[in-house]
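Along the sequence shown, residues carry numbers from 1.
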Amino acid sequence: MARTDHRALRRVLRREIAGTIGLLTDEHDFRAMRRYRTFTFDDHLTYLHQIEALLRTRASEGTHTTLALFDPEEYAEFCTHTGLDPDASASRTRFTAELAATGPTIPYDGRPLTDLVPDLVDEAVRQATWEYASTLLARLGPCPTCGEDIGRAAFTRASHLLTRILDTAPPGDRHLVCSISGSPETLVTVLHADQDTEGTTQLDEAETLEFTSVLALGLATRSPGGLVMRTSTPGTPDRVYGWRLRGDTLAPLTAGEVFDAYCTDIESGDLISPESDVDYCAPPDLGTQEKPAGHHH
């Protein structure tokens, strides 16, 4: 009798343990792991099917699972750093636990892996972009004239500009893209700012942090770049407008410049026919072009 009770209790406990599965999202990473004798899968597709089956089973038992991006290179570095044997399943478990705490993760929500993997990769790119932008911002150090931390001041300014952009936007779903070039590589960041039925803007915290950091880096380093917003409201044409980064502020693009940006193929330079039911227009006045005194970096 006692044994059955223990088994039932264990089942209850297992349900309450949130687990993380480190996922090898592509063929290249999968092949890199096959060099370990204890990694027993032969075929990436079979591996994905097995993971999917495991996720479905856990979900049917009421267990919450998080998916993390398993990077074989990072894993090898982790094992070297911690002195663990890379060819041991316990080491993979330790690394996955570390990923759960610090790496890019998404919750398993019942969708097929073919839908979830791109989201997980996007999350990884977003985290890497944010870390890269934050590192470069931190390296800028203090302003030689006023001693203020340049990166922090730029982040505050970027947050202020983003708030003004959202406050002046027409109601509806907003899709913002910011790209800055040359510091030393081009960074692109996307922010979805959709409104719910009460008109409250829903922002993803991680997405907002990454977007603000990239914009701040562009402002602080006076890099060439731009910010474009598309707003969608049912029953009206989508509106598209934007700004270019100029010095440490944003300068409005004309309707013609926005049209040109949207209707030119980035790769080939060829013209693309404009979308119907889209209004390419000048942006609203942000009313923030004057900077607070004492911030002339």
Side-chain angles (χ1 to χ4, degrees), residues 104 118-119 121-134 136-137 154-155 157-183 185-195 201-233 237-246 248-275 277-284 286 288:
D119 285 359
V121 172
D122 284 351
E123 182 59 37
V125 169
R126 184 157 70 223
Q127 187 164 325
T129 304
W130 169 69
E131 285 174 359
Y132 181 69
S134 303
L136 292 184
L137 277 173
F155 189 89
R157 175 137 180 83
S159 302
H160 178 51
L161 285 168
L162 179 58
T163 303
R164 292 297 303 145
I165 287 168
L166 294 175
D167 285 350
T168 55
D173 292 347
R174 295 76 165 265
H175 182 255
L176 292 86
V177 179
C178 176
S179 65
I180 63 165
S181 46
S183 64
E185 51 194 274
T186 298
L187 294 181
V188 179
T189 176
V190 176
L191 180 64
H192 300 89
D194 298 344
Q195 280 186 328
T201 300
Q202 306 292 330
L203 289 173
D204 176 89
E205 206 174 315
E207 227 179 48
T208 308
L209 197 56
E210 182 218 1
F211 193 92
T212 311
S213 301
V214 171
L215 177 57
L217 183 63
L219 297 171
T221 56
R222 299 174 180 252
S223 301
L227 195 158
V228 175
M229 164 127 97
R230 182 177 186 136
T231 62
S232 310
T233 316
D238 281 8
R239 297 184 63 180
V240 177
Y241 54 78
W243 298 263
R244 71 165 49 86
L245 271 64
R246 178 175 288 158
D248 57 0
T249 191
L250 294 173
L253 295 170
T254 65
E257 287 172 322
V258 175
F259 179 88
D260 287 347
Y262 257 78
C263 300
T264 307
D265 184 289
I266 295 171
E267 300 298 323
S268 64
D270 296 341
L271 286 177
I272 310 164
S273 56
E275 292 177 67
D277 218 27
V278 172
D279 184 9
Y280 301 93
C281 50
L286 297 179
T288 60

Inset, instruction - Determine whether more than 12 heavy atoms belonging to other residues, nucleotides or ligands lie under 6.0 Å from atom CD of Glu205. - result: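 12 or below, so no.
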
Legend entry - Under 3.5 Å side-chain donor-acceptor pair for Glu131 and Gln127: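 Gln127 and Glu131 do have a side-chain donor-acceptor pair below 3.5 Å.
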
Inset, instruction - Calculate, to the nearest 0.5 Å, the distance between atoms OG1 and CG belonging to Thr231 and Asp194 respectively. - result: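 Spacing of OG1 (Thr231) from CG (Asp194) equals 11.5 Å.
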
Between the side chain of [X] and the main-chain N/O of [Y], is any donor-acceptor distance below 3.5 Å?
| X | Y | value |
| --- | --- | --- |
| Arg174 | Ile165 | no |
| Thr233 | Pro171 | yes |
| Glu210 | Thr189 | no |
| Ser181 | Pro224 | yes |

So, using salt bridge (charged side-chain N to carboxylate O under 4.0 Å, His left out) as the criterion, who are the partners of [X] when residues are at least two apart?
| X | answer |
| --- | --- |
| Asp119 | Arg111 |
| Arg244 | Glu257 |
| Arg230 | Asp238, Glu275 |

Legend entry - Candidates Asp167, Thr212, Leu227 - the one meeting side chain to side chain contact (heavy atoms under 4.5 Å, CB included) with Leu162: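 Filter result, single survivor: Thr212.
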
Would you say that [X] contacts [Y] through its side chain, given a criterion of any heavy-atom pair below 4.5 Å between the two side chains?
| X | Y | answer |
| --- | --- | --- |
| Pro252 | Tyr241 | no |
| Val190 | His175 | yes |
| Asp204 | Arg126 | yes |

Inset, instruction - Please state whether the rings of Tyr280 and Phe259 are parallel, tilted or perpendicular, taking 30° and 60° as the class boundaries. - result: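 If you compare the ring of Tyr280 with that of Phe259, the planes turn out perpendicular.
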
